[in-house]
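Keep in mind that what you see is a predicted model, and the values were worked out from it rather than measured. Positions are given from 1 along the sequence.
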Amino acid sequence: MNVNEILITVEGGYILTTSKQTKSAWLLMVSAAAILMITMGARQSVGLFINPLDSATGLGIVSISFALAIGQFMWGLAQPIFGAIADKKGSYHVLVFGTLLLAAGLALTPLVQSEWSLILTMGILSAAGAGAGSFSVLIGATSGQLPVEKRAFAGGFINAGGSLGQFIFAPLLQAIISIFGWVAAILTMAATTLLTIPLASVLCRGASAASNAATTQTQAPSVGLYQQVCQAMRNPSYLCLHAGFFTCGFHVAFLVTHLPGEVSLCGHSASVSAASLALIGLFNIAGSLLAGALGTRYRMKYILAVMYASRAVMIVLYLLAPKTPLTFYIFAAGLGFTWLATVPPTAGLVGKLFGTRYLATLFGLTLLTHQIGGFLGAWLGGLAMAHDGNYQWMWYADMLLAVFAAIVNLPIKEAKMADKPATV
């Protein structure tokens, strides 16, 4: 055996990999993280455009919130659809098509004059495009090429790329809005999304034949996509994952859409909003990497339960605290630590339950449930603001749902962590 060759276990089978293939795996993870950095940077900064859009179009916060809520749902709906296509046909064309949709939706937004045109641009085109270049396709493209004990880390690493995008793009876009106006900011974002096309080429060129063979071994060839989905939807553990992820989507969409409005209600400038969103992204980098690392040592259902419970605690502390800029920064940092750090353990659990052959589809379906919650979080936040002039009842609902999510993850039937395989 060559000194560069390492024997590793892949879900009961053995494949031979080399140091060159290890470098290829890192190239895949870095490329996927960079793509997610751009697509999530665009998605998680939409709240910065609510007030400028309202001033420019006069549509009102309810109409704008509804369009963005449609976008939350569409982002989730796109992921199992594009995930299924990627599972069958490969990821490259899915990623390129999604990039073009995302760029077109953003570039056309300055032309909107009605609620329906805003739904088309930000609610359908840009959201579906971002979904095609998001978690399900990217994690699915890498997980099947890695040994089972490394997938949680890979999910955390890729997810950290999305958090880095929020950290970078939120303050950058707010600065452009302040200096050049919101139209220049959204057109800049549209042009930036085109960088994902060469990154997609790198990602898909890095796939290895040995890893594809390993993926085939993890799933019996007689089980098709439809049969696998039907089996999953009858699995109580999979349904518990959906229930917890629904709450996560409600929480994230409410905050990413309406945190700037909450900051404004408290008498602070838009720069506090941008800094808070950036802090969420920055701390979620650490949270995602930690979640990925912990997922290799502890049961992922317990990691999820602790994350969701911590959100309820943080909301209580926020409601009791004086609403100073420092309070928002601390609240954002605390939330950021768990923000989308739920993604690596959720994807890891799907892989443990069903293997990686149809991971993009099955994880995409959990993201659809996540975004149904996201639709309600974004839309109901706008209704609460229009009806009551504040978000008080939304905070209470958010807190109760976080407790529910913590509890519902506990019955998931997850095997104990196995010892690491021996290497030779």
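In this structure, CD1 in I330 is found 10.5 Å from CG in L317, a value given to the nearest 0.5 Å. K352 contributes atom NZ, which lies 3.5 Å from atom CD of E414 (distance to the nearest 0.5 angstrom). Separating the CZ atom in F49 from the CG atom in L173 is a distance of 5.0 Å, to the nearest 0.5 Å. How far NE2 of H242 is from OG1 of T346: 10.0 Å, rounded to the nearest 0.5 Å. In this structure, CG on L294 lies 15.0 Å from OH on Y302, to the nearest 0.5 angstrom. Taking OG1 from T247 and CG from L304, the interatomic distance works out to 12.0 Å, rounded to the nearest 0.5 Å.
Among pairs with a residue in residues 62-72, those fulfilling side chain to side chain donor-acceptor pair (under 3.5 Å) read S63-E115, Q72-Q371, at least two apart in sequence or across chains. The side chain to side chain donor-acceptor pair (under 3.5 Å) analysis of residues 90-101, with sequence neighbours excluded, yields the pairs T99-T196.
A donor-acceptor pair under 3.5 Å is absent between the side-chain atoms of K301 and the main chain of N409, judged by distance alone. Proximity of a side-chain donor or acceptor of S117 to a complementary backbone N or O of S114 within less than 3.5 Å is detected. Formation of a donor-acceptor pair under 3.5 Å by the T257 side chain with backbone atoms of F254 is not found in this model. Side-chain N or O atoms of S45 include none that pairs as donor or acceptor with a backbone N or O of A42 at under 3.5 Å. A donor-acceptor contact shorter than 3.5 Å is absent between the side chain of D398 and the backbone of F250. A distance-only check finds a donor-acceptor pair linking the side chain of Y238 to the backbone of L362 [under 3.5 Å]. Judged purely by atom type and a 3.5 angstrom limit, T109 uses its side chain to pair as donor or acceptor with the backbone of G105. Judged by distance alone, with hydrogens and angles left aside, the side-chain atoms of T327 form no donor-acceptor pair with the main-chain N or O of A321 at under 3.5 Å.
The aromatic rings of W393 and Y396 sit perpendicular to each other, their planes meeting at more than 60°, with 30° as the lower class boundary. Between F245 and F363, the ring planes lie tilted relative to each other; the angle falls in the 30° to 60° range. Relative orientation of the W395 and F331 rings is perpendicular, given thresholds of 30° and 60° on the angle between their planes.
Closest heavy-atom contact between V62 and A386: CG2-CB, 3.4 Å. The two atoms that bring G133 and T39 nearest to each other are O-OG1, 3.0 Å, heavy atoms only. Residue M394 comes nearest to A384 through the heavy atom pair CG-CB, 3.8 Å, listed as atom of the first residue, atom of the second, then distance. The two residues L48 and P260 have their closest heavy-atom pair at N-CG, 4.4 Å. When all heavy atoms of A291 and P345 are compared, the pair lying nearest together is CB-CD, 4.2 Å.
Taking S31 as the reference, L27, V202, L203 meet the side chain to side chain contact (heavy atoms under 4.5 Å, CB included) condition, with sequence neighbours excluded. For the side chain to side chain contact (heavy atoms under 4.5 Å, CB included) test, residues two or more places apart in sequence or in another chain that qualify with A275 are Y329. For T338, the side chain to side chain contact (heavy atoms under 4.5 Å, CB included) partners two or more places apart in sequence, or in a different chain, are M307, S310, R311, M314. Under the rule for a side-chain hydrogen bond (donor to acceptor under 3.5 Å, both in side chains), the partners of S271 that lie at least two apart in sequence or sit in another chain are S269.
Taking 4.5 Å as the limit, every side-chain heavy atom of F404 sits out of range of all side-chain heavy atoms of F246. You'll find the side chain of H251 reaches within 4.5 Å of the side chain of L335, heavy atoms only. Considering only heavy atoms from C-beta on, Q79 stays 4.5 Å or farther from L368 through its side chain. Using a 4.5 Å heavy-atom cutoff, the side chains of N390 and E262 are not in contact. Using a 4.5 Å heavy-atom cutoff, the side chains of C248 and V252 are in contact. Contact annotation: the side chain of W339 never approaches that of F283 to less than 4.5 Å [non-hydrogen atoms, C-beta and beyond]. Within the 4.5 Å cutoff, no side-chain heavy atoms of W75 are placed close to those of S126. Here the side chains of V403 and I407 are in contact, with some heavy-atom distance below 4.5 Å.
Under the 3.5 Å distance criterion, with hydrogens and angles disregarded, no donor-acceptor pair is assigned to the side chains of S276 and S273. Of the N and O atoms on the side chains of Q231 and Y226, not one donor lies less than 3.5 Å from an acceptor on the other residue.
A cation-pi contact links K323 to Y318, judged by a cut-off of 6.0 Å to the six-membered ring centre and 45° from its axis.
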Step by step, would you call T366 with T369 a side-chain hydrogen bond (donor to acceptor under 3.5 Å, both in side chains)?
CA-CA 5 Å; T366 67; T369 300; over 6 Å; no

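Of the residues listed (V137, L164, L199, I158), the one engaging L36 in a side chain to side chain contact (heavy atoms under 4.5 Å, CB included) is I158, and it is the only one.
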